[in-house]
Amino acid sequence: MSKPTLCVLYGSQTGTAQDTAQRIARQAQRRKLQVQVLPLDSYNVANLISESLVVFVCATTGQGDPPDNMKNFWRFVFRKSLPVGSLSRLDCAILGLGDSSYPKFNFVAKKLHKRLLQLGASVLLPVGLADDQHDLGSDAVIDPWLTSFWEKVFALYPSLHVMCGCILLPPTYTFHFLDDVKETTDDRLRIPTEQTVPSQSRPFPCRLVSNRRVTDVSHFQDVRHIEFDITGSSIEFAAGDVVMMRPCNASEDVEQFCQLLRLDPDARFTLRPTDHNAGVFPARLPQPCTVRHLMESYLDISAVPRRSFFELLSTFATNELERDKLVEFSSAAGQDELLSYCNRPRRTTLEVLADFPHTTAELKADYLLDLFPEIQPRSFSIASSLQAHPRRLQILVAVVHYKTKMYKPRKGLCSSWLASLDPAQGEVHVPLWVKKGTLKFPKEKDTPVIMVGPGTGVAPFRSALQERIAEGKYANILFFGCRSESKDFYFRSEWDEMMKAGHLTLFTAFSRDQEDKVYVQHRVRENAGLLWDLIANKSACFYIAGNAKEMPDAVCDALKEAFQKEGGVSAEDAEQMLATMERSGQLQSETWS
Ligand code: 2AM
């Protein structure tokens with residue numbers, strides 16, 4: 001058989017699937033294969049009928065849904081009208097990226113696998129089920145899966161010329177530096193003239209109105225209540241929706257990066273793709289663009305780098321010591337080493353570059369877009385309602401900050417960046433867009449809602465409470481948990497007012513104000529009678545939101561106990577009731593880590 005063209009199609013939400021797809025494409029090029037890599041929604045699905053070899057790299061998002069950039073493909077491929085056997089010429093492989101702490105682990109990849117079989121495709125190897133929960137991240141599954149994938153491909157196409165070792169492929173883009181030095185006009189901050197609903201490809205720069213710490217200064221955690229002005233943006237939202245944004249790298253990190261790579265941050269360049277098929281053109285990047293702009297707002301240098309980064313970096317190493325170490329980190333045998341060097345201490349890409357100064361100084365600008373992934377959008381539950389705060393959008397953000405064995409504390413890129421923005425220092429605009437959330441609140445006026453939201457989990461419920469009260473819906477119960485009544489009980493005065501008006505019943509759990517921990521699930525248990533009555537007799541909806549890993553399960557357990565105790569049902573029936581509530585939307589949750 002002649003050499004096939006490999007088509008790598010991906011559905012990516014946070015960028016890992018895209019990164020993996022591009023890595024597969026690089027491996028294919030190294031094996032002298034023609035390759036095309038595209039997000040599923042940019043691919044003409046009708047062409048699948050004539051493809052010979054396709055790899056699908058599909059992430060599953062929190063609730064078991066496909067990522068946004070494969071939603072159209074998803075609808076198409078499940079059309080009943082597609083003839084069985086229509087993909088009988090196709091050899092394919094499916095790699096799923098998921099998180100086993102969510103119930104629908106790798107649901108998209110598994111479902112796609114079944115559907116492709118139905119349509120007659122030959123699936124070359126079992127679906128790869130990569131898991132974010134693994135110590136080494138998704139690579140722990142992806143690497144061995146890729147090894148077997150290539151074995152299958154070689155078995156199918158014995159004529160493929162296998163190239164081993166590290167060969168440096170041409171970059172996806174070449175940089176053409178300009179002689180002049182000018183500021184990049186930052187398109188992201190330009191107010192669009194036409195009125196379109198802001199989206200990922202066209203966010204709206206919203207003015208930052210305020211950025212206020214809502215936890216006591218002596219409290220371990222800095223939590224921010226942040227307000228944006230959305231005037232003129234066409235942004236609309238309802239309770240439960242989420243706002244999306246991309247953070248920027250800290251300017252001191254960008255300066256350090258440029259020093260390490262010996263790049264002039266003010267140099268301006270234009271990009272030219274070297275192979276139109278090898279990647280998606282970075283439309284978000286202005287042309288021409290300064291190195292500083294590229295590094296501040298486009299490339300991610302603060303994430304923990306993946307094995308593929310070491311693979312590519314090692315190809316630049318001329319210093320023997322550094323090369324040996326990099327080759328080891330990119331080899332299967334070196335994965336334990338990599339785990340303790342990089343993943344466990346959460347070492348950032350920039351810190352790794354600083355550890356390999358000779359190699360880093362050799363890096364060519366042309367390879368920047370191959371080496372570093374794009375900064376991915378982050379989502380936050382909206383914490384306000386347009387009814388209570390017209391033309392405003394508010395969020396509640398816990399600034400991520402923790403210690404590992406690294407000397408410097410680890411920081412969350414987006415939350416630290418947000419916390420650093422100060423409207424008192426001059427106008428600040430943040431490009432935003434809004435997405436429908438998973439939490440939906442009842443339309444009927446009399447349906448009570450019970451909301452369990454410890455910590456920043458309360459954000460969507462503040463929005464819901466403001467919205468519901470404005471609509472005259474007063475049957476609201478909130479369970480809020482925090483560490484201490486005096487340190488992190490944010491929005492207290494707002495809750496007090498709602499309670500005074502008879503619009504809210506609030507139960508609080510201050511986990512550290514007494515000897516023994518008290519959590520929201522304890523309060524749920526204590527109020528079993530009330531909850532059973534509301535759920536069984538008044539069809540109340542029950543919501544859980546928050547970032548504590550075990551919290552949602554613990555709350556569900558408390559609820560099941562309440563059903564047993566107050567409703568006299570068996571443990572199995574209580575389990576069944578919860579499952580039914582979940583299916584019908586009477587029980588909903590939104591959790592994050
Ligand atoms: P802790 O930090 O004292 O353990 C908001 O973060 C609140 O959620 C805090 O009071 C925190 O308590 C609490 N929390 C932590 N783990 C939890 C769990 N498994 N279930 C419920 N609440 C939890």
Inset, instruction - Report yes if some heavy atom in the side chain of Leu95 is under 4.5 Å from a heavy atom in the side chain of Leu129; otherwise report no. - result: no

Legend entry - Ring geometry between Tyr341 and Phe329 (parallel below 30°, tilted from 30 to 60°, perpendicular above 60°): parallel

Legend entry - Residues Glu255 and Arg292 bridged, charged N to O under 4.0 Å: yes

Inset, instruction - Say whether Gln13 and Asp68, considering side chains only, have a donor N or O and an acceptor N or O under 3.5 Å apart. - result: yes

Inset, instruction - I would like to know whether Tyr10 and Tyr43 meet ring pair (Phe, Tyr, Trp, His ring centres under 6.0 Å); could you show each step before the answer? - result: CA-CA 10 Å; Tyr10 63 87; Tyr43 176 76; over 10 Å; no

Legend entry - Lys/Arg-Asp/Glu bridge criterion (N-O < 4.0 Å) met for Asp65, Lys71: no

Inset, instruction - Just say parallel, tilted or perpendicular for the rings of Trp145 and Phe149, cut-offs at 30° and 60°. - result: parallel

Inset, instruction - To the nearest 0.5 angstrom, please state how far the CZ atom of Arg31 sits from the CG atom of Leu33. - result: 8.5 Å

Inset, instruction - Starting from the C-alpha separation in whole Å, work towards a yes-or-no answer on salt bridge (Lys or Arg N to Asp or Glu O under 4.0 Å) for Glu311 and Arg26. - result: CA-CA 11 Å; Glu311 228 168 70; Arg26 280 198 294 273; over 6 Å; no

Inset, instruction - Using only heavy-atom distances, determine whether the side chains of Thr359 and Glu322 contain a donor-acceptor pair under 3.5 Å. - result: yes

Legend entry - Plane angle bin for Phe175 and Phe269 - parallel if under 30°, tilted between 30 and 60°, otherwise perpendicular: tilted

Inset, instruction - To the nearest 0.5 angstrom, please state how far the OG1 atom of Thr147 sits from the CD1 atom of Ile142. - result: 11.5 Å

Inset, instruction - Scan side-chain atoms only and decide if Glu590 and Thr438 contain a donor-acceptor pair under the 3.5 Å cut-off. - result: yes

Legend entry - Gap between atom CG of Leu125 and atom CD1 of Ile94 - 0.5 Å precision: 8.5 Å

Legend entry - Within-4.5 Å side-chain heavy-atom neighbours: Val127 and Asn106: no

Inset, instruction - Would you kindly say whether Asp99 and Gln133 are connected by a side-chain donor-acceptor distance under 3.5 Å? - result: yes

Legend entry - Heavy-atom side-chain proximity of Pro247 to Arg378 below 4.5 angstrom: yes

Inset, instruction - Report yes if some heavy atom in the side chain of Glu374 is under 4.5 Å from a heavy atom in the side chain of Leu369; otherwise report no. - result: no

Legend entry - Verdict with supporting geometry, Phe372 and Phe309, ring pair (Phe, Tyr, Trp, His ring centres under 6.0 Å): CA-CA 8 Å; Phe372 307 105; Phe309 170 76; 5.8 Å; yes

Legend entry - Side-chain heavy atoms of Ile24 within contact of Leu6, under 4.5 Å: yes

Inset, instruction - State, yes or no, whether a side-chain contact exists between Phe204 and Leu432 at a heavy-atom distance under 4.5 Å. - result: no

Inset, instruction - Examine the side chains of His176 and Thr174 and answer whether a donor and an acceptor come within less than 3.5 Å of each other. - result: yes

Legend entry - CG-OG distance between Leu396 and Ser381, expressed to the nearest 0.5 angstrom: 9.5 Å

Inset, instruction - Tell me whether the guanidinium CZ or amine NZ of Lys325 lies under 6.0 angstrom from the six-membered ring centre of Phe310 and within 45° of its axis. - result: no

Inset, instruction - Look up atom SG in Cys414 and atom CD1 in Ile375, then write down how far apart they are to the nearest 0.5 Å. - result: 9.5 Å

Legend entry - More than 12 heavy atoms of other groups within 6.0 Å of Tyr402 OH: yes

Legend entry - Side chains of Leu112 and Cys58 in contact at under 4.5 Å (non-hydrogen atoms): yes

Inset, instruction - Applying side chain to side chain contact (heavy atoms under 4.5 Å, CB included) between Glu51 and each of Ile49, Val54, Leu53, report the one that passes. - result: Val54

Inset, instruction - Could you verify whether a donor N or O on one side chain and an acceptor N or O on the other, from Gln27 and Trp150, lie under 3.5 Å apart? - result: yes

Inset, instruction - Give a yes or no on this: more than 12 heavy atoms of other residues, nucleotides or ligands lie within 6.0 Å of atom NZ of Lys436. - result: yes

Inset, instruction - Over all heavy atoms of both residues, which pair between Arg307 and Ala332 is shortest? Give the atoms and the distance, please. - result: NH2-N, 3.5 Å

Inset, instruction - State whether a side-chain donor-acceptor pair under 3.5 Å links Asp266 with Thr290. - result: no

Inset, instruction - Step through the shown structure and confirm whether more than 12 heavy atoms of other residues, nucleotides or ligands are within 6.0 Å of NZ on Lys152. - result: no

Inset, instruction - Give a yes or no on whether a salt bridge exists between Lys408 and Glu351, defined as a side-chain N under 4.0 angstrom from a carboxylate O. - result: no

Legend entry - Salt bridge flag under 4.0 Å for residues Arg306 and Asp19: yes

Legend entry - Modelled atom types, side-chain donor and acceptor of Arg115 and Gln118, under 3.5 Å: yes

Inset, instruction - Only counting residues at least two apart or in another chain, list the ones meeting ring-ring contact (aromatic ring centres under 6.0 Å, His included) with Phe380. - result: none

Legend entry - Nearest-0.5 Å distance that lies between atom CG in Leu261 and atom OG1 in Thr360: 6.0 Å

Legend entry - SB check Asp366 Arg272 (cutoff 4.0 Å): no

